[in-house]
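Only one structure is covered here, and it is reproduced in the block below.
All of these numbers come straight from a predicted model, not from anything done at the bench. Counting from 1, the numbers follow the sequence of the chain as shown.
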Amino acid sequence: VQLQASGGGLVQAGGSLRLSCAASGRTFNNYAAGWFRQAPGKEREFVASISRNTGTTYYADSVKGRFTISRDSAKNTVYLQMNSLKSEDTAVYYCAAAAVATIRLQGYDYWGQGTLVTVSS
């Protein structure tokens with residue numbers, strides 16, 4: 001499956017953005033999906049995941065209550081709605097697909113190219 005992430009940009013602190021991850025080649029519903037991010041000089045870290053069948057979601061503590069992961073099966077797309085953005089949310093955001101939802105980078109087989117989110121304070 002090929003993944004295309006989009007929706008990044010520049011936003012002021014407290015603002016919102018919605019990232020999209022469009023899948024092609026295969027049905028995204030057959031995969032769990034995850035969002036990760038990598039800030040300059042830091043390792044890539046888990047942000048959120050959504051399971052394949054039940055749609056169970058899981059979030060990093062740093063984004064819980066502010067970010068929401070969801071999927072639209074008809075559009076073969078997974079979204080990350082980001083509210084109340086903070087400067088520390090600035091990073092390149094990556095979407096990924098896996099057989100089973102996990103917080104581990106190594107658990108994901110397919111990755112999108114990343115989209116940059118910059119939050120100004």
Side-chain angles (χ1 to χ4, degrees):
V1 61
Q2 292 80 45
L3 304 176
Q4 179 76 34
S6 62
L10 175 64
V11 62
Q12 287 189 332
S16 299
L17 278 176
R18 188 179 76 160
L19 306 184
S20 300
C21 179
S24 61
R26 296 185 183 179
T27 302
F28 211 166
N29 245 19
N30 293 337
Y31 297 87
W35 284 96
F36 292 77
R37 65 186 182 186
Q38 188 166 16
K42 295 188 176 181
E43 294 185 350
R44 194 171 300 188
E45 65 176 6
F46 170 80
V47 175
S49 66
I50 185 166
S51 68
R52 179 177 56 180
N53 294 322
T54 64
T56 301
T57 58
Y58 189 77
Y59 299 92
D61 287 343
S62 58
V63 306
K64 201 172 295 182
R66 300 188 297 122
F67 290 12
T68 303
I69 187 172
S70 63
R71 66 164 84 230
D72 185 331
S73 301
K75 295 184 178 180
N76 221 25
T77 299
V78 169
Y79 301 99
L80 184 69
Q81 177 67 44
M82 306 186 295
N83 299 329
S84 302
L85 283 162
K86 306 175 181 179
S87 57
E88 50 263 44
D89 295 319
T90 294
V92 177
Y93 283 71
Y94 299 88
C95 61
V100 179
T102 175
I103 66 172
R104 298 172 57 249
L105 275 74
Q106 297 83 356
Y108 290 83
D109 302 307
Y110 307 97
W111 290 84
Q113 84 290 0
T115 184
L116 176 62
V117 172
T118 304
V119 183
S120 63
S121 55

request  = Compute whether any side-chain donor of one residue and acceptor of the other, for Arg66 and Tyr59, lie under 3.5 angstrom apart.
outcome  = no
request  = Answer yes if the ring centres of Phe36 and Tyr108 are under 6.0 angstrom apart, and no otherwise.
outcome  = yes
task = Check whether NZ of the Lys or CZ of the Arg Arg104 lies under 6.0 Å from the centre of the six-membered ring of Phe46 and within 45 degrees of that ring's axis.
result = no
query = Between Asn29 and Ser73, is a side chain to side chain donor-acceptor pair (under 3.5 Å) present by the stated rule, with each step listed?
reply = CA-CA 6 Å; Asn29 245 19; Ser73 301; 3.0 Å; yes
message = Can you confirm whether the side chains of Tyr93 and Arg37 place a donor and an acceptor under 3.5 Å from each other?
response = yes
task = Might you work through the side chain to side chain donor-acceptor pair (under 3.5 Å) test for Thr54 and Ser51, ending with a clear yes or no?
result = CA-CA 6 Å; Thr54 64; Ser51 68; 2.9 Å; yes
ask   = Closest heavy-atom contact between Ser20 and Thr77?
value = CB-CG2, 4.2 Å
Criterion side chain to side chain contact (heavy atoms under 4.5 Å, CB included) on Cys21 and Gln4, from CA distance to verdict = CA-CA 5 Å; Cys21 179; Gln4 179 76 34; over 6 Å; no
key: Validation row: Leu80, Phe67 side chains within 4.5 angstrom (heavy atoms)   = yes
key: Arg71 to Phe28 six-membered ring, cation-pi geometry met (6.0 Å, 45°)   = yes
query = Is the closest side-chain heavy-atom distance between Thr115 and Leu19 below 4.5 Å?
reply = yes
ask   = Could Lys64 and Asp61 be called an ion pair, given the rule that one side-chain N must be under 4.0 Å from one carboxylate O?
value = yes
task = Of all the heavy-atom pairs spanning Ala23 and Val1, show the shortest one and how long it is.
result = CB-CG2, 3.7 Å
Cation over ring face, Arg18 and Tyr79, 6.0 Å, 45° = yes
message = Between Trp35 and Val78, is there a side-chain heavy-atom distance shorter than 4.5 Å?
response = yes
